[in-house]
**Q** 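One structure, as structure tokens, below. Some questions next.
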2 protein chains.
Amino acid sequence: MTGDSSNLREALDPTHCVSYRLRRAARLAAKSYDAALKTTGLKNTQFTLLAALATEGAVSIGALSDLLATDGTTLTRNLEVLVRRGLVKDCASDDARVRTVQLSKKGRNKYQEALPFWQAAQQQVLTGLGAEQWRELEGVLRQIEDACHSLE
Amino acid sequence: MTGDSSNLREALDPTHCVSYRLRRAARLAAKSYDAALKTTGLKNTQFTLLAALATEGAVSIGALSDLLATDGTTLTRNLEVLVRRGLVKDCASDDARVRTVQLSKKGRNKYQEALPFWQAAQQQVLTGLGAEQWRELEGVLRQIEDACHSLE
DNA sequence: CGTCAATATCTGTATATGCAGATAAAATGA
DNA sequence: TCATTTTATCTGCATATACAGATATTGACG
């Protein structure tokens with residue numbers, strides 16, 4: 001009895017805060033991936049950026065911002081680190097407002113070097129999760145993003 | 001055909017990185033909660049801390065660290081902000097190594113003030129998600145945490 | 001009691017993150 | 001062409017996060 005109302009009560013307890021739960025799981029997952037990537041000198045966040053650049057080629061900050069759903073100011077700082085390490089370089093652009101970046105040769109090599117380490121981490125997490133749960137996860141996360149976007 | 005192997009191939013594409021997906025969803029969710037909490041001057045992360053302290057009463061850094069699955073050094077810095085604002089205070093402890101903190105009166109008031117705003121945000125996200133998906137989310141996140149923990 | 005190991009927290013350092021507001025350049029329109 | 005608006009990015013500021021290593025205390029053992 002009171003199935004729904006007790007669920008609601010539970011869901012409105014801050015312990016079950018969706019933001020907190022996601023943040024917490026993300027932190028723990030990040031730790032696993034960081035550990036796997038350790039020898040490459042990359043953090044999981046940096047790997048994500050390299051991967052995006054590897055796929056996109058030359059791309060503007062704005063486009064990256066849309067693609068990764070990351071604030072542009074965050075990208076500026078995160079790219080700064082990779083540029084300093086010589087993994088990412090600026091490229092020319094016709095519109096002087098637009099900054100376009102791409103992987104350097106060193107960056108492409110680093111990405112190739114890191115890929116198997118990332119795959120190992122991903123494989124481990126997927127194994128611990130199962131294909132079914134993985135599908136569920138992707139679906140639910142997409143819905144959360146939609147729900148949050150629609151509130152703006 | 002090739003249902004599983006194509007899934008695997010897809011899952012091992014960095015675009016589907018579990019860490020990235022979680023981080024991204026967490027960022028977007030945080031934005032919604034932060035917007036809802038704006039008038040209170042709290043961020044969702046700070047609300048989480050206040051909520052934990054409201055439930056736990058006087059608690060050590062180590063216990064909080066276990067409870068919230070957050071690094072102790074992170075808690076030190078995050079609590080610093082709340083102490084500075086007078087929302088959290090230190091309390092006496094027999095073991096001089098152990099630092100124990102609790103909500104101040106002002107902190108309890110702030111928590112009570114913020115609670116309905118948090119609930120509104122949580123309610124909105126849950127509505128956009130549905131009860132079924134919410135249950136799935138909690139289950140999957142728990143599994144991810146288990147999977148990541150077991151890798152240590 | 002004194003030494004050493006174990007425990008709990010803090011500091012230094014570095015990255016991640018995003019809001020507000022600044023800056024610069026392109027597009028628009030009179 | 002000049003003034004205004006729009007667009008794209010950057011800077012200043014503040015918080016979140018955690019690894020390594022420093023510090024301080026307690027506990028255990030001879």
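To find a chain, count down the sequence lines: A is the first, B the second, and so on, and within it residues start at 1.
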**Q** Any carboxylate oxygen within less than 4.0 angstrom of a Lys/Arg side-chain nitrogen, looking at A:E145 and A:R142?
**A** no
**Q** What is the per-nucleotide protein-contact pattern of nucleotides 16-26 of chain C, from the 5' end, where B denotes a base atom under 4.0 Å from a protein heavy atom, S denotes such proximity for sugar-phosphate atoms only, and - denotes neither?
**A** SBBBB----BS
**Q** Can you measure B:L68 atom CG to D:dA16 atom P for me and round it to whole angstrom units?
**A** 13 Å
**Q** Atom CG of A:L64 and atom P of D:dC10: how far apart are they, to the nearest Å?
**A** 11 Å
**Q** Do any pairs count as a salt bridge (charged side-chain N to carboxylate O under 4.0 Å, His left out) and have a residue in residues 67-77 of chain A, sequence neighbours left out, and if so which ones?
**A** none
**Q** Report yes or no: does A:R27 contribute a side-chain atom to a donor-acceptor pair with the main-chain N or O of B:A69 at less than 3.5 Å?
**A** yes
**Q** To the nearest Å, how far apart are B:L37 CG and D:dA16 P?
**A** 12 Å
**Q** Using only heavy-atom distances, determine whether the side chains of B:R24 and A:T48 contain a donor-acceptor pair under 3.5 Å.
**A** no
**Q** Could you tell me whether the side chain of A:S19 and the main chain of B:Y33 form a donor-acceptor pair under 3.5 Å?
**A** no
**Q** Whole Å only: how far is the CD atom of B:E80 from the P atom of C:dG12?
**A** 11 Å
**Q** Would a distance-only check, ignoring hydrogens and angles, find a side-chain to backbone donor-acceptor pair under 3.5 Å from A:Q122 to B:H16?
**A** yes
**Q** Starting at atom CD1 of B:I61, determine the distance to atom P of D:dA18, rounded to an integer number of angstrom.
**A** 14 Å
**Q** Can you give me the N/O atom pairs linking the protein to nucleotides 3-5 of chain C at distances under 3.5 Å, or say none if there are none?
**A**
none

**Q** Under a 4.0 Å N-O cut-off, is there an ion pair linking B:R135 with B:E132?
**A** yes
**Q** Please enumerate all residues that pass side-chain contact (heavy atoms from CB on, under 4.5 Å) together with A:Q143, with sequence neighbours excluded.
**A** B:L129, B:Q133
**Q** Tell me whether A:D34 contacts the main-chain N or O of A:N44 through its side chain, where contact means a donor paired with an acceptor under 3.5 Å.
**A** yes
**Q** Given atom CZ of A:R84 and atom P of C:dT13, what is their separation to the nearest angstrom?
**A** 15 Å
**Q** Whole angstrom is fine here: how far is it from CG in B:L49 over to C1' in D:dT17?
**A** 13 Å
**Q** Output the residues of residues 104-118 of chain A in contact with DNA chain D, where contact means a heavy atom of the residue under 4.0 Å from an atom of the strand; sort by number or write none.
**A** none
**Q** Does the side chain of B:T76 get closer than 4.0 angstrom to OP1 or OP2 of C:dC10 through an N or O atom?
**A** yes
**Q** With a cut-off of 3.5 Å and sequence neighbours excluded, list every side-chain donor-acceptor pair involving residues 78-87 of chain A.
**A**
{"from": "A:R85", "atom 1": "NH1", "to": "A:G41", "atom 2": "O", "distance (Å)": "3.1"}

**Q** Look only at the side chain of A:S60 and the backbone of A:T100, and say whether a donor-acceptor pair between them is shorter than 3.5 Å.
**A** no
**Q** So, is B:R99 close to the C:dC10 phosphate, meaning a side-chain N or O under 4.0 Å from OP1 or OP2?
**A** yes
**Q** To the nearest Å, give me how far apart CZ (A:R24) and P (D:dA18) are.
**A** 11 Å
**Q** Under 4.0 Å between any heavy atoms, over every strand shown, what does A:G62 touch: base, sugar-phosphate, or nothing? Just pick one.
**A** sugar-phosphate
